[in-house]
Amino acid sequence: MGNIEDLLKKRKEILKQKDEEIQNLDEEIKNVCTKPVTLLFTDIVGSTKYFETMGDIEGRYMIETHNNLLFPIITSFDGTIIKTIGDSIMASFNDPVKGVQCAIKMQKELKKHNNKRKPGERINVRMGLHYGEAVVDDKDLFGDMVNTSARVEARANGEEILISSSLKEKIEEHYFPLIFLGSEFVKGKKGKIDFYLVNWDNKPEEEIKASWKQRIEKQKTEKPEKDWTTNLKKQKVVIRITTDLGKLADEMKPPGKKGNPYLNRVMIPHPDMFFGRRGIVKRIMGRISAESPQSVSIVGERRIGKSSLLKYLNFPGTRLEYLDEPGRYLFLFIDFQQLRTIDENQFIGILFTELAKQPGYEVEISCEKNHDGILFLCEQIVKDGYKFILFFDEFESVTKNEKIEPDFYSFFRSLANNYPLAFITASGKNLKDMCVSHEISDSPFFNIFAVHYLNLFNRNEAGSLITIPSEERGVPLEPLAGRILETGGLYPFFLQMCCSAWFDFLETEECPASDFTDSPTPREVLTMFREESYPHFEYVCETLGKKELGILKNCVQGNKVDAESYPAEILERKGYVMRDSDETLKLFSKEFEIFVKKRYAG
């Protein structure tokens, strides 16, 4: 096969030459870099719920089991595994008959596997196949037929195999048990596609057609086609700066100077309450300040401080500190935690509404709540010389939302590519692993993000959190810094709990921290810390997979643990284990170790 990049470059160089030469080159590209193939897409049904229920490690091993079952079958039918996309497989076959035979064999092997498993442990896979001309580049395939193959697979239920009419024509002489389901429109195609089901397990035809009719009616009800057109002449966007960012920063109400400063358990309301994370703040603001702003995905475990980091990046003072022309940036913060079921138009409506509320700016928006409205807004932002930075907290609420179509993500990617616009998102896991379908997880939208993982504090960051707020409130905890670190660890959430317990105790007893540097931690402090932290420890352990929990048990029991194993890497990334000076693993805090020993390793 020729190199398509070289040929496309050559095509571009002669674009201004005669049409005949261009047509000849197009013909060369077609002859050299396209071929007819049968493409198979598979997708595990319910994998997102499996990960949420069983934990990351069990989910990973479920996918490994899936791959170990299906990969050998694909190769045995002379198939080529093009790539895996999360819990999905994309494979090609030169022989259409072998492609269908392979899909049938895979479903039968999965059925054997599932017959030996409990309902919650079964692997249900939907499959779709299509035949057509694909563009070949190295080991990958591109083109309209790839998109069509994905659309066919997306219409299948678990344990089903659907094929297109083009593939049906290629296998007609081989008498596969096919049932015609109907002709339907799919995204990105002008005409309808004929869908056929391969009835590999001999289900009653009436039952199959009833199921198909039901899902088609449901899709039409839940996801009606949208008309994105609008009269652009009627739209209006006016942006005016009304208040200097420096004045905004000065006007922010500072936190009070009395009482326990460690009680806040939600997103920080003021920049003075933010500690540490200077390195990642500098890196993210560096990407925002690039000539073409770059998008960033912040990933971290529950209560690690993702939302507070996102909020801190959005404060006026942060912009003043890190950006050369902070007034030329429009920053917009949206928390999607309570917006899990919105549709695309509601998404855009919320964006417009929140933008109009931005402090320091007067933003007048009169746009249709659709793609054209967003395009008009971006055009006006460019015209007025602004850069647009969107901060999306709990963005997995969007990627898991069935009402948000794959095309919506492609549209947002085009915005980032064509306008001075970037997305800064926060989520519990990598966004590609938290999508409602592989069609979405495979979207090029996710390729625009640089991923930054939020982990434990370093000791200097932890020291600042311990010493600065307590000193300002007149109950300095600095003499107990080592004791607090041992109890709460470098996990910010639990460190704050421990500081809070000590602060309340010392303030109530009216004695200095130095009185306890050489004595055991008072029972009252431990009781306060455990009452608040243990429910969270319980939640952590309940959401871990068996292998992750096994590592925690081995750590507290003093057994040898492979620190380089995948489950250990996951635990370290999440912040629940850390490396000791000799590179052995230990739990992040003494109290977490005591909890695990009592509950799980006693």
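Residue numbers start at 1 and run along the sequence shown. Values in this document were obtained by computation on a predicted structure and should not be read as measured data.
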How far apart are the C-alpha atoms of H130 and F41, what are their side-chain angles, what is the distance that settles it, and do they pass the side chain to side chain contact (heavy atoms under 4.5 Å, CB included) test? CA-CA 9 Å; H130 174 60; F41 271 96; over 6 Å; no
Assess the residue pair F388 and L377 against the criterion (side chain to side chain contact (heavy atoms under 4.5 Å, CB included)); give the C-alpha distance rounded to whole Å, side-chain angles, the decisive distance to 0.1 Å, and a yes or no. CA-CA 10 Å; F388 194 18; L377 171 65; 4.0 Å; yes
Evaluate the side-chain proximity of P269 to N264: yes if any heavy-atom separation is below 4.5 Å, no if none is. yes
Residues forming a ring-ring contact (aromatic ring centres under 6.0 Å, His included) with Y491, sequence neighbours excluded: F494, Y576, F588
Is the positively charged end of R573 above the ring of Y453, judged by distance under 6.0 angstrom from the centroid and angle within 45° of the axis? yes
Verify whether the ring centers belonging to Y386 and Y329 lie closer than 6.0 Å. no
Distance to the ring centre below 6.0 angstrom and angle to the axis at most 45 degrees; does that hold for R413 and F445? no
Trace of the salt bridge (charged side-chain N to carboxylate O under 4.0 Å, His left out) decision for R579 with E572: CA-CA 8 Å; R579 293 176 189 253; E572 190 172 6; 3.1 Å; yes
Closest heavy-atom pair, K387 versus P293, reported as atoms and distance to 0.1 Å, is CD-CG, 3.8 Å
Quick check: does any side chain N or O of K306 sit under 3.5 Å from a backbone N or O of G300, one acting as donor and the other as acceptor? yes
Residue pair F336, F392: steps toward the ring-ring contact (aromatic ring centres under 6.0 Å, His included) verdict: CA-CA 7 Å; F336 285 99; F392 291 161; 5.2 Å; yes
Given side chains that start at C-beta, do those of I44 and H66 come closer than 4.5 Å, heavy atoms only? yes
Would R277 and Y312 count as a cation-pi pair here, with the cationic atom under 6.0 angstrom from the ring centre and within 45° of the axis? no
Report the relative orientation of the aromatic rings in F592 and F537; use parallel for angles under 30°, tilted for 30 to 60°, perpendicular for over 60°. tilted
Is the NZ or CZ atom of K547 both under 6.0 Å from the centre of the six-membered ring of Y61 and within 45° of that ring's axis? yes
Please verify the inter-ring angle class for F408 with H371; under 30° counts as parallel, over 60° as perpendicular, anything in between as tilted. tilted
Worked verdict on T399 versus Y409 for side chain to side chain contact (heavy atoms under 4.5 Å, CB included): CA-CA 9 Å; T399 61; Y409 297 95; 4.2 Å; yes
Report yes if some heavy atom in the side chain of H452 is under 4.5 Å from a heavy atom in the side chain of R283; otherwise report no. yes
Say you draw a straight line from CZ of F275 to CZ of R278; how long is it, rounded to the nearest 0.5 Å? 9.0 Å
Look at the side chain of E301 and the backbone N and O of G575, then say whether any donor-acceptor pair between them is shorter than 3.5 Å. no
Taking only residues at least two apart or on different chains, which pairs with a member in residues 333-342 satisfy side-chain hydrogen bond (donor to acceptor under 3.5 Å, both in side chains)? R340-S397
Which heavy atom of I342 sits nearest to which heavy atom of L339, and what is that distance? CG1-O, 3.5 Å
Evaluate the side-chain proximity of D343 to F347: yes if any heavy-atom separation is below 4.5 Å, no if none is. no
